[in-house]
Amino acid sequence: MNILVINCGSSSLKFQVIDTETSECIAKGLCERIGIDGVITYENLRVKSGKIKTETQIEDHKKAISLVLDALTDAGTGVIKSLKEIGAVGHRIVHGGEKFTKSVIIDEDVIEAIREVSDLAPLHNPANLTGILACRALMPDTPMVAVFDTAFHQTMPAKAYMYAIPWKYYDEYKIRRYGFHGTSHSYVSKEVAKYLGKKPEELKTIVCHLGNGASVSAVEYGKCVDTSMGLTPLEGLIMGTRSGDLDPAVVDYIAGKEGISAYEVDQILNKESGVYALSGNLSSDFRDLWKARHEGNRKAELALEAWAYRVAKYVGAYVAAMNGVDVICFTAGVGENDWEARALVYHYLGYLGIEFDEEKNAATRGEIAEISKPGSKVKVMVFPTNEELAIAKETYALVTE
Ligand code: ADP
């Protein structure tokens, strides 16, 4: 079955068509600058004709979806002949609150429930909803599924998800830790078990999803028991431009000193912090940071060291949380491609009895690989994530149930 996977942001829309029989992505693209002017990039991967980039007015998400559907069915560039060849649509939804512990088929009640939890992700959920409504208007008979970034983490016990603040904030506003990147943590932990010839129920796994946004999760016997992101994706690791953990008193202190609002400080912690800030506003991209580091830039060096130190601390915490670990996985842009960053983290973990295969690590980019030696007490793996494929698989499973 062909599944259209939609990931809708406030001014962008990423899409892929995945053939679930082969797990192959057959077409993909991106609509950008929605509501501003508009650019659509489209690629038919069946004919490998290269990317087609068209500048055109995209006034809203409905127009974006209609352009996507036109591109997919176009007589010249299309990958399908008619929309009937799309069996279902899978939507990535950032926040499912406590309502959604797994993916669901979208109906009126689900739309209303996603709207209700929008307060928890005011930038993302409304954008995700516009994608659902636009698809429903243009493909009313095609089933649609919502796949939530938070759902996989709903198995966390209260001791892991509660903040030690007055109950009323949880009771009235549902303030607690939720975690994100759930589709990736779920996919990698399940697929790595399959790769090792085990069931997820047999393994204690730590997944390090290290991209521009980054999080670590502890997956004990197939269930997430802790993860580093919290109420929002700001908590936890040092990221591209996000600070990760800090003393919450910092917010008020900066606001007072600079005469700015808590909201403005929040924006700084989300968009102007992380390795970008530590490197002296050099870059949030690890390729730039390593280049500068090799040229002797001390701030770039500190950014990388602090980033790795934080990842290692979370790994250590999750070994404690699960009273052991069998596999540690690196995934996402940095985790899959940046062997030097992996090595920085890795060198803190010798106490676990890991024997690191330095050569294998240095040679591994974007592919499945075991980067610990065969006799190592704990396996360390590079395991590429594929959130779109995971969404397509969940969607297929639900619509064929
Ligand atoms: P997100 O989905 O959060 O935007 P990704 O998982 O795509 O992030 O990761 C993007 C980041 O991965 C880039 O900002 C860059 O730092 C890093 N990255 C990508 N490719 C490489 C590479 N070849 N070497 C080092 N870092 C890389």
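As the structure lists them, so they are numbered: ligands from 1, and atoms in each ligand from 1. Counting from 1, the numbers follow the sequence of the chain as shown. Just so it is clear, the structure is predicted and the values come from calculations on it, not from any experiment. Both backbone and side-chain heavy atoms feed into the values below; hydrogens, waters and symmetry mates do not.
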When you measure from [atom] to every protein heavy atom, which one gives the shortest distance, and what is it?
| atom | value |
| --- | --- |
| atom 18 (N) of ligand 1 | Gly333 O, 3.7 Å |
| atom 24 (N) of ligand 1 | Arg287 CG, 3.5 Å |
| atom 16 (O) of ligand 1 | Phe286 N, 2.8 Å |
| atom 23 (N) of ligand 1 | Asn337 CB, 3.5 Å |

More than 12 foreign heavy atoms under 6.0 Å from [atom1] of [X]: is that the case here?
| X | atom1 | result |
| --- | --- | --- |
| Glu21 | CD | no |
| Glu359 | CD | no |
| Tyr396 | OH | no |

Output yes when a protein non-hydrogen atom is found under 4.0 Å of atom 3 (O) of ligand 1, and no otherwise.
yes

Out of all atoms in ligand 1, which are within 4.0 Å of some heavy atom of Val334? Include the element for each.
12 (O), 16 (O), 17 (C)

Per-atom contacts, ligand 1 versus Gly211 - under 4.0 Å to a heavy atom:
5 (P), 6 (O), 8 (O), 9 (O)

Taking the basic N atoms (NZ, or NE/NH1/NH2) and the acidic carboxylate oxygens, is any pair closer than 4.0 Å for [X] and [Y]?
| X | Y | result |
| --- | --- | --- |
| Arg92 | Asp149 | yes |
| Asp285 | Arg287 | yes |
| Arg365 | Asp338 | no |
| Glu370 | Lys379 | yes |

Taking distance alone, with N or O pairs closer than 3.5 Å, would you say Asn212 contacts ligand 1?
yes

Is there a polar contact between ligand 1 and Ala332, counting only N or O atoms under 3.5 Å apart?
no

Leu289, Leu210, Asp285: member with heavy atom nearest to atom 14 (O) of ligand 1:
Asp285

